[in-house]
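Residue numbers begin at 1 in each chain, while the letters A, B, ... track the order of the sequences.
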Amino acid sequence: MLNVMLTGVGGQGTVLAAKVLAQAAQEKGWHVRTAETIGMAQRGGSVVSHVRMGNEGEEVQSPLIARGCADVIIAFEPAEGARMLPYLAPTGVLVTATTAVQPVTAALAKDSYRGSVVLQGLRDAFAQAPDQLVIVPDDELLERIGNRKVLNTVLLAKAIGTGRLPLDLDDLRSAIRACVKPAFVDLNLQAIG
Amino acid sequence: MAKKLLMGNEAMAHAALEAGVRVVAGYPGTPSSEIVETVAKLRAAGIAHGVHVEWSTNEKVALELLFGASLAGARGLFTCKQMGLNVASDALMSLNYVSVRGGLVLVVADDPGPISSQTEQDTRRFAAFAKVPVLDPSTPEQAFRMIQAAFDLSERFHTPVIVRPTTRVDHASAFFEVADETFARPVPEEGFERDVSKWVIFPRRAYEAHGEINERLSQVADAFSSEEPFSSFNEVVEGPEGASDDPVFGIVASGISAAYVREALQMVEERAGRAHVKIPAYRFMQVGTPYPFPAQALSRFASGLSDILVIEELDYVLEDELAQLAGRTHASFNVHGKLTGEARDRGENDVDDVVLRIEKYLGLVGRLRLHLHEQDEDARTASISYEQASELPVRPPVLCPGCPHRGAFYAVKQALLKTPAVLCGDIGCYTLGNAQPLDAVDTCLCMGAGVTMAQGLSVVDPAKKAVAYIGDSTFFASGMTGLANAAYNGHDITVMVLDNATTAMTGSQPHPGTGYTLMGDQNEPLSIEAVLLANGFSHVYHANPLDKDASIVAVKAAIAYDGPSAVIFESPCIQLIKPDEPVSIDADVCTGCKKCITEIGCPGIGFDPLREGPRSGSRGQAFIDPALCNGCDLCVQVCPFKAITFPVPDAEFADLAEDEVFEVVEAEAEESLADAEFDETNEVEESYVDEASHDDGASADSYQGEEPDLSGFDETVGVYGLEDEELFLFDDGAGEADSAESDDDAEKAVAIEECATVALDPSELEEISAAKASEPDGPQSVDQEALTRRLVLTDELNIEEDLPEEGGQDA
Ligand code: SF4
Ligand code: SF4
């Protein structure tokens, strides 16, 4: 069983990323279940998508990943990654974007939230297992691509790059062709490069 | 046949279409909304043939409409969230007595948690109360099969049937093979056939019908116990593999909890295997047909068991039924669950919790952990934990950046200042107006209750202004009867209609005010203003919520009227339109006073304590997140130092004052407006540009008969239909009398108070009040031209071709 959790802030595109992963798994012939956060939380709240794949031929029961069972957590925002750490498996990998999204609550607070503080906290948390933390400088990468909307594809490519998922970039490309609106396919394929 | 990844809701839509459904109707509400939307999409794509699909004005309307269709022999599908059934309950209770002809299936989505709702009510209970069979799926695949079974059951027993998924079934996805095309089952040629003894409910007929209902429920219970496909919804498994003894431990689960139990049992077995611990034999059953309770199947299940643990969400429905069964059959099993404190009494279940419950139930506590051979891994996990987890920023949902509601809430607060008032909220995105810093909602109950609660408050607490907010979709769903009541009984309330031209929270569904239907027609949009006027609201004002000053004036004028009055705030939901360019904060000007944040709390504005500028010292500075800002310009109007500016695209703007920039932009906007060929189906254009359609017949004429009593009301305040037909009507200076806060000293005091918290030095305080004094026009004298300019700017709206795909929330 492979468990991938995607976490971020409502509106960042976790839902589409989960669809692409599910499609890739389906093309491998695995049983797949996914679950989404849809509703009020999509208005700038914390959102989580779960993708569960029976890569050894097994059937997936619950659509939600249990604590300590996520093989990969893909965080679109560092604090959301930190929040979901209890779900990471002992050998699991956290792939996180660096760009913080400051919630209104934090802007109002006396001590505003800064992404760098959370990233440092994450580095400390993984001090014993640095190979399980992948920090993606999304700002630079997206600047180069010229479109922030492909954050999800960039993170998926990085997650596959960790080697923790028995999928390769070609699987990702083919899944993107199947899931993404034709007008945006090229942009996303470019992002993988 | 193609394999598609479908959410439970999408799967149920496909299932109903494949079952030949002829009419689909509902009202949006998370987690149910995608069912109707999917049917509409498949119809529009030419895949679903012959189906009529609509968003009805509310759930009661939808169900009654479907019942009519059923009497003519058509299959009908109704969808709503759990509280929607409360609205439709009047129809449901009675139509069950009349009995259905064409299959009538109600999908009522429950929301354990609750994640997007006001209650954790359990539709299985509702079904029992209404005496209507209910099916309870545990996966999207099962939901698909249950919809089809429900139609057959409905026609076989002439009963409505409820299918009750929960959020984790509605919004979970799996791959499905679905039909390439579907066709609605033709309605019998004769259509509706008159039969007064059957279709007209009367006390005598109700007595007979009650007997028929009792009879059919007992037949349905038998079918649930022993017939396919129902018995497959009540599947029994025994474990662990290779167990030789007969089980004495039973586990029963409902809905998504059945999936959790299956997974938890696998986990427990695996752990036990690794630790070489033998786990006792157990028997597990999902009860997928909770009402009428399949007693025979459960008796078979319970034979030989000493105990049964029940894992279910919301109410203890199966637990009650099992206790009754034990009593009636003198069985000796004990029932464990919510009532015995052995399962969560509310909220969602999850695999983690169920594992612990089962370990305890089976007497395995402490025996598995000790022998886990990944002890090292356990230690390692413990090392990967985020130390300051409690310091992570909380991220509750908020109004979108650029949401027009923000301006409306801010205007209400600014117009009231210290005037005592109660602000009655309602259901929709605008419930989020309660969050800090807007803090502009005092109550929220159910659909339409803002307008009516305000009336009760105005009766007993007249010292406070009674203000109600209502969104445009809620207005048509259940606001109108409350309006009539206010006029009829003479209640002094002010209704703030937040018209953003959509049902935003649930994912942008159209409604009567847009005129756009799911069948692809563009009908004449209903005018909110005409409805207000027709319901006796004589004082109706319009405002663009993103125009701060004009909005404040409109609110003041409406509140000043002694009797039912309203402000219609018109500006489309930001999810519908192409956002403007982000604004930016001039680091040389920002003082770090945080006013933009503490006043309106837009997620597009952050604060960086480390930023420095010439006027901010070490206080830090606000910044705009260009990825979030939608360029609504509200913060530009709020910043007392004019530190926030519109994007200046060309060098030619660089030397222009803000007003001059406006003029240039205005000219450009006018030009492009003149060029633009508006698409007929462009709903924003319909409601916001072509104001003529609002005016036709609704305004001056409807006024003639009953001139409102304007004594005590300042004549210079524009009243719709009396003075002129401007979109924005406002007070041109008359409001001063009722606002002592408007004089300079008071403003200075406010400014001082505002800045006290960030410890500005006295010279800066002077600057603030100077800046305030130099503002061209205070709220009390609005520059009409500026309003018109803004109107032109707001009109230049383009609907994005791709509306957001994902659903939203609440109804
Ligand atoms: S202009 Fe200001 S208030 Fe409007 S979306 Fe941008 S940051 Fe928010
Ligand atoms: S979806 Fe529309 S109405 Fe809802 S918060 Fe966002 S902008 Fe406002």
Side-chain angles (χ1 to χ4, degrees), chain A residues 9-11 15 18-19 22-23 26 31-46 60-64 66-68 79-80 82-83 85-86 88-91 99 101-109 111-114 118 121-122 124-129 132 148 179 181, chain B residues 3 5 7 30-31 115-116 168 171-175 259-260 262-263 266-267 350-352 355 374 377-378 380-381 383-389 392-400 429 432 435-437 505 597-598 601-603 605-609 620 625 627-628 802 806-810:
Chain A
V9 179
V15 177
K19 260 191 199 162
Q23 181 67 31
Q26 154 74 12
H31 186 231
V32 193
R33 287 193 189 285
T34 70
E36 306 298 350
T37 314
I38 294 177
M40 215 174 225
Q42 278 179 304
R43 304 270 170 267
S46 308
V60 183
Q61 302 291 349
S62 160
L64 301 180
R67 284 172 171 256
E80 296 312 312
R83 204 190 305 283
L85 266 196
L88 195 67
T91 54
T99 309
V101 179
Q102 199 180 78
V104 175
T105 45
L108 284 170
D111 305 310
S112 297
Y113 149 58
R114 277 174 308 125
V118 175
L122 284 173
D124 295 345
F126 284 85
Q128 304 302 315
Q132 288 173 242
R148 280 207 69 86
C179 298
K181 289 206 187 83
Chain B
K3 267 216 157 187
L5 181 69
M7 255 188 331
T30 310
I115 301 172
S116 305
R168 303 299 184 185
H171 290 165
S173 305
F175 279 88
Y260 298 155
R262 286 194 185 98
E263 176 133 357
Q266 277 175 7
M267 283 168 102
D350 53 43
V351 172
D352 305 297
V355 165
E374 340 82 310
E377 288 187 356
D378 260 9
R380 207 165 169 198
T381 325
S383 77
I384 306 181
S385 67
Y386 190 81
E387 291 292 321
Q388 308 84 19
L392 287 173
V394 288
R395 209 182 287 279
V398 285
L399 294 172
C400 298
C429 279
L432 297 172
Q436 294 294 345
M505 183 52 102
I597 294 166
T598 57
C602 172
I605 313 174
F607 193 77
D608 186 345
D625 184 338
L628 292 175
D802 291 317
E806 297 149 24
Q809 128 89 12
D810 220 322

Looking only at B/Cys602, B/Gly620, B/Pro437, the option with the highest number of non-hydrogen pairs under 4.5 Å against chain A is B/Pro437
Hey, is the main chain of B/Pro393 close enough, under 3.5 Å, to the side chain of A/Arg83 for a donor-acceptor pair?
-> yes
If you measure from CG on B/Leu5 to OG1 on A/Thr34, what distance do you get to the nearest 0.5 Å?
-> 5.0 Å
If one checks every heavy atom of B/Ile605 against chain A at 4.5 Å, the contacting part turns out to be backbone
Correct closest heavy-atom pair for B/Asp352 and A/Arg67 would be OD1-N, 2.9 Å
Sub-4.5 Å side-chain heavy-atom contact between B/Pro396 and A/Val104 = no
Using a 4.5 Å cut-off on heavy atoms from C-beta on, say whether the side chain of A/Arg43 contacts that of B/Cys400.
-> yes
Starting at CE of B/Met7, measure out to CD of A/Glu36 and round the result to the nearest 0.5 Å.
-> 8.0 Å
Check the pair B/Asp625, A/Gln102 against side-chain contact (heavy atoms from CB on, under 4.5 Å), reporting the backbone distance first and the verdict last.
-> CA-CA 9 Å; B/Asp625 184 338; A/Gln102 199 180 78; over 6 Å; no
Heaviest contributor of heavy-atom pairs below 4.5 Å to chain B, chosen from A/Val118, A/Val32, A/Leu85, A/Leu108, is A/Leu108
For B/Ile597, is it the side chain, the backbone, both or neither that has a heavy atom under 4.5 Å from a heavy atom of chain A?
-> both
Separation of B/Tyr260 OH from A/Gln61 CD (nearest 0.5 Å) = 12.5 Å
Is B/Arg395 reaching over with its side chain to a backbone N or O of A/Ala79, donor-acceptor style, under 3.5 angstrom?
-> no
Spatial distance of atom CG (A/Asp124) from atom OH (B/Tyr386) [nearest 0.5 Å] = 8.5 Å
What pair of heavy atoms forms the shortest contact from B/Val394 to A/Pro103, and how long is it?
-> O-CG, 3.6 Å
Spell out, as yes or no, whether a donor-acceptor pair under 3.5 Å connects the side chain of B/Gln436 to the backbone of A/Thr105.
-> no
CZ of A/Arg114 to CZ of B/Phe607: how many Å apart, nearest 0.5 Å?
-> 11.5 Å
Name the member of A/Cys179, A/Gly10, A/Ser62 that forms the most heavy-atom pairs with chain B at distances under 4.5 Å.
-> A/Ser62
Contact class of A/Ala18 relative to chain B, heavy atoms under 4.5 angstrom = neither
Which answer fits A/Val101, side chain, backbone, both or neither, if we ask what part of it has an atom under 4.5 Å from a heavy atom of chain B?
-> both
Heaviest contributor of heavy-atom pairs below 4.5 Å to chain B, chosen from A/Ala22, A/Ala82, A/Pro63, is A/Ala82
